[in-house]
Amino acid sequence: MDKELERFKSCAEAYGANPRRWPEADRPLHARLALTHEGTAILAAAERTDLFLDVWTAAPARAALAERILDAATEPAPPRRRRGLAWSTAAFAVSAVFGFVIGFTQVQDEPSSELVSQVLVGPAGLPRIGL
Amino acid sequence: MAAVARGDAAAFRRLVERHVGWGVGFVERMVGGRADAEDLVQTAFLRVWQGAAKWQPAAKFSTWFYRVLYNLCIDHFRAHAAPTEELDEEMPDAKPTTEERLVAAQRVDRVRAAIASLPERQRAAIVLCYYQELSQSDAAAMLEVSEGALESLLSRGRAALKREMQSELH
């Protein structure tokens, strides 16, 4: 097989029968050899694979997809700070109450078992903590 | 892209409308299903929107965007053991209305399965050059290979498809 025909065969095997998909530099080769006996056989073999591939046609993208993308890109971020501030405030309040209770019981001469029970463990739990 | 980097939503809309069609076509043929393809294309565009300020105009946007889509396809393959096969959206769950539609759907499934069986880079080469009709230089740039290596990928991929076609006849 001469070099031109070899290159023709390589292009057909890689790019298919249609010269539209061939490298630009090799398209004149397609024009020269396509109608020769050997060229016709080579292109016919390549065309069988082309026809197989052509069966799978892609449907156009739905217009709704573009809108979905735009909505996802431009939707505002959730208000994280506000939520965090609410949790921080609540945690501070709870800590303040417990802190007050613990501090109050410590400054008394006798532990205020009743106050501790109400805030922390409930009356039933007093024996468990030695009171 | 400069306008998109400034947060220009109208510019981003134009970008999406210009590239979403071929993007879905490319990804669908890579991963084998329309729903997955749409999700991946959406992810790719969100990355464009969020990363537009960092985009360097060293290459065409389309070449760069192909690369983003291709990388997402690779991540998708790694996350899923086998390409997902989806029911044709146009086919109802009930019996097909005509035998011709059933035969056509089966033919598409065979092509889809044959392409899905190719190694990723051969698959990408065929999808880019045959279906997307990218030039050799653009396809090679996208795959980060030489044009000679691209041609080799195409030859091997098409040879594998030919064997697949012939095995069905026997």
Side-chain angles (χ1 to χ4, degrees), chain A residues 1 3-30 33 39 41-78 80, chain B residues 4 7 9 12-13 16-17 19-29 34 37-38 41-46 48-50 89-90 104 107-112 114-115 125-127 129-137 147 150-159 161-162 164-166 168:
Chain A
M1 189 182 283
K3 282 200 168 166
E4 265 209 341
L5 195 61
E6 257 183 54
R7 178 61 193 154
F8 180 88
K9 187 168 185 281
S10 296
C11 285
E13 287 173 350
Y15 304 108
N18 195 319
R20 184 175 82 233
R21 296 188 179 88
W22 284 34
E24 205 170 322
D26 293 305
R27 287 177 202 164
L29 189 63
H30 186 285
L33 298 180
I42 289 169
L43 291 182
E47 196 173 27
R48 281 194 283 276
T49 308
D50 292 351
L51 290 172
F52 179 73
L53 290 169
D54 285 343
V55 164
W56 191 6
T57 53
R62 299 176 300 134
L65 174 61
E67 293 306 316
R68 192 177 109 191
I69 291 168
L70 294 162
D71 288 344
T74 53
E75 71 180 10
R80 284 186 192 167
Chain B
V4 174
F12 183 61
R13 172 183 282 275
V16 169
E17 287 170 351
H19 299 286
V20 69
W22 66 255
V24 169
F26 169 62
V27 176
E28 183 179 0
R29 289 194 170 100
R34 176 52 72 106
E38 290 186 348
V41 167
Q42 176 172 327
T43 301
F45 274 114
L46 291 180
V48 168
W49 175 250
Q50 289 156 3
E89 285 175 7
E90 293 177 9
R107 289 174 69 203
V108 171
D109 285 345
R110 278 200 294 275
V111 178
R112 197 196 301 257
I115 290 175
I126 286 179
V127 173
C129 293
Y130 192 84
Y131 287 114
Q132 304 295 117
E133 296 194 29
L134 257 62
S135 68
Q136 285 72 39
S137 57
E147 290 183 26
L150 172 74
E151 194 166 296
S152 173
L153 286 170
L154 287 167
S155 297
R156 284 185 280 141
R158 286 177 64 99
L161 289 174
K162 197 172 164 183
E164 186 69 27
M165 285 159 54
Q166 284 168 347
E168 287 189 355

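Every chain is numbered from 1, with letters handed out A, B, ... down the list of sequences. Basis for what follows: all heavy atoms, side chains included, without hydrogens, waters or symmetry-related copies. These numbers come from a predicted model, not from an experiment.
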Max heavy-atom pair count under 4.5 Å with chain A, selected residue of B:Glu133, B:Gln50, B:Glu17, B:Lys162 = B:Glu133
Using a cut-off of under 4.5 Å on heavy-atom pairs, state which of B:Tyr131, B:Trp22, B:Phe45 scores highest against chain A.
-> B:Tyr131
Listed by chain and number, what are the side-chain hydrogen bond (donor to acceptor under 3.5 Å, both in side chains) partners of B:Arg156, not counting sequence neighbours?
-> B:Ser152
In terms of heavy-atom proximity below 4.5 Å to chain B, should A:Arg48 be classed as side chain, backbone, both, or neither?
-> both
Sort out for me which of B:Val48, B:Thr43, B:Val108, B:Val24 touches chain A most, counting heavy-atom pairs under 4.5 Å.
-> B:Val108
Highest number of heavy-atom pairs under 4.5 Å with chain B among A:Ala45, A:Gly16, A:Ala63, A:Ala66 belongs to A:Gly16
Output for pair (B:Leu154 CG, A:Ser10 OG), nearest 0.5 Å, gives 12.0 Å
Region of B:Ala114 that comes under 4.5 Å of a non-hydrogen atom in chain A = side chain
Donor-acceptor contact present, side-chain B:Arg29 to main-chain A:Trp56, <3.5 Å | yes
Indicate yes or no: at least one non-hydrogen side-chain atom of B:Val16 is less than 4.5 angstrom from one of A:Leu65.
-> no
Which atoms of B:Glu151 approach chain A - backbone, side chain, both or neither, heavy atom under 4.5 Å | both
Look at A:Asp54 together with B:Arg107 and state whether they make a salt bridge at an N to O cut-off of under 4.0 Å.
-> no
Distance-minimising heavy-atom pair for B:Tyr130 and A:Tyr15 = CD1-O, 4.4 Å
For A:Asn18, is it the side chain, the backbone, both or neither that has a heavy atom under 4.5 Å from a heavy atom of chain B?
-> neither
Closest non-hydrogen atom pair, A:Thr74 against B:Ala9 = CG2-CB, 4.4 Å
Using ring-ring contact (aromatic ring centres under 6.0 Å, His included) as the criterion, list what pairs up with B:Phe12, not counting sequence neighbours.
-> B:Trp49
For B:Gln136 and A:Arg21, indicate whether the former's side chain and the latter's backbone hold a donor-acceptor pair under 3.5 Å.
-> yes
By a 4.5 Å heavy-atom criterion (distance strictly below it), what part of B:Leu150 contacts chain A: side chain, backbone, both, or neither?
-> neither
Please look at B:Glu28 and chain A and tell me whether the side chain, the backbone, both or neither of the residue comes under 4.5 angstrom of a heavy atom of that chain.
-> both
How many angstroms lie between CD in B:Glu38 and CZ in A:Arg68, if you round to the nearest 0.5 Å?
-> 5.5 Å
Hey, does the side chain of B:Arg158 reach the backbone of A:Ala46 with a donor-acceptor pair shorter than 3.5 angstrom?
-> yes
Nearest heavy-atom pair of B:Arg34 and A:Pro60: which atoms, and what distance?
-> NH1-O, 3.4 Å
